[in-house]
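Here is how names work: the chains are called A, B, and so on, in the same order as the sequence lines, proteins then strands, and each is numbered from 1.
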2 protein chains.
Amino acid sequence: MKQIATRKILPATPAPTEGELYGITELAQEFGISLRAIRFYEDKGLLAPRRINGGRAYTRRDRARLGLILRGKAVGMSLAEIEHILSLYGDHGEGHVKQLEYLIGRIDAATTELDTRRRHIVAMLAELGEVKGQLQRTLAAKRRVKKK
Amino acid sequence: MKQIATRKILPATPAPTEGELYGITELAQEFGISLRAIRFYEDKGLLAPRRINGGRAYTRRDRARLGLILRGKAVGMSLAEIEHILSLYGDHGEGHVKQLEYLIGRIDAATTELDTRRRHIVAMLAELGEVKGQLQRTLAAKRRVKKK
DNA sequence: GCGCCTGCTTACGTTAACGTCAACATGATC
DNA sequence: GATCATGTTGACGTTAACGTAAGCAGGCGC
């Protein structure tokens, strides 16, 4: 079944409400991941594409979510953490004041955690820099000896 | 068995070659991890403490390695990656020129990878900042309405 | 001498994040 | 109308990173 066919079958249809639709293979290739992974994220509730003739059809929004998922993974977050982050990106336009405040608080929490992680990385980078400097010095010394 | 006893039994001994020794519980408490985790890291070859009367005795160097392990984890690295990083910190003072160049190359590789990760984090922080700004604006609007 | 505490090893259990494989459906193509 | 590419849903396997439990040993306090 080719859900992409949906797009081909309706080529000139501007699709007023939603824009372009993507197939699962399309996304998998674009992001360089397996189909199984994408379905797995769906099982975990991180994605919820529409179904067209049994096949999965992803909107631009879904695609963006997938991007966020992968970015989260690149950062070292677990899928559970990523799920929390993703819940911050919705259409919570009709949230009550309480809800909005809650969301902002969650964003702050995620922010501080990410920043902590960032600082750890910066520290490791600094340490690696020192080690490298050390090695370079001994290397330079060895070379001086060799030349003379 | 109390390997810490070793330290207590030899209290005033300046221990010329090696400094202070730490017990496993000591390290576990200091770093807030389980004994099992520490032993696990040893099984994986990330730590290799000396044995005193069957008990594990950690030097300051071992302790530092454990710190690096945990920092690596905080950054989102796998134990395998951490192992690679740790191998850069040894006493490779007597390395040949080739070996030193190789090590420096590995450091560079690790550095660029970490920096990529760092940039990803920075990007996520920026996105979260935008989301927060959005929420704050809608929140402010709602409050203005409420006040009037 | 007897618990008690700390430590060791061995073995099995667990969770996350997928990979792999089988069996089946369907639209396109020859 | 048979084949093929692409899709679907299970079900099971796998790796990493530990947790948990069982059983045993050696000091210490009383």
Here the distance between atom C1' of D:dC18 and atom CG of B:Asp43, to the nearest Å, is 11 Å
| query | Looking at A:Thr25, does any N or O in its side chain come under 4.0 Å of the phosphate oxygens OP1/OP2 on D:dT6? | reply | no
Rounded to whole Å, CZ of A:Arg39 lies from P of D:dG7 at a distance of 8 Å
Rounded to whole Å, the CD1-C1' distance (B:Ile52 to D:dG27) equals 16 Å
Rounded to whole Å, CG of B:Leu46 lies from P of D:dA17 at a distance of 9 Å
Notebook entry, point to check: Is the cationic atom of B:Arg63 (NZ for Lys, CZ for Arg) positioned less than 6.0 Å from the six-membered ring centroid of B:Tyr22 and within 45 degrees of its normal?
Noted result: yes
Quick check on D:dA17: is either OP1 or OP2 less than 4.0 Å from any side-chain nitrogen or oxygen of B:Tyr41? no
When rounded to whole Å, the CZ to P distance for the pair A:Phe40 and D:dT9 reads 15 Å
To the nearest angstrom, the CG-P distance between A:Leu27 and D:dT6 comes to 16 Å
Check: Would you say a side-chain N or O of A:Lys73 is under 4.0 Å from OP1 or OP2 of C:dC18?
Finding: yes
In whole angstroms, the gap separating P of D:dA21 from CZ of B:Arg36 amounts to 13 Å
Heavy-atom nearest pair, B:Asp108 first then A:Lys132, reads OD1-NZ, 2.7 Å
From CG of A:Leu79 across to P of C:dA16 the rounded distance in Å is 9 Å
Between the CZ atom in A:Phe40 and the CG atom in A:Leu79, the distance rounded to the nearest 0.5 Å is 6.0 Å
Just so I know, are the side chains of B:Ile52 and B:Leu21 near enough to count as touching, which here means a heavy-atom distance under 4.5 Å? yes
Looking at D:dA16, I'd like to know if its phosphate oxygens (OP1 or OP2) sit under 4.0 Å from a side-chain N or O belonging to B:Ser78.
no
Exercise. Is any side-chain N or O of A:Arg56 closer than 4.0 Å to OP1 or OP2 of D:dG7?
Worked result: no
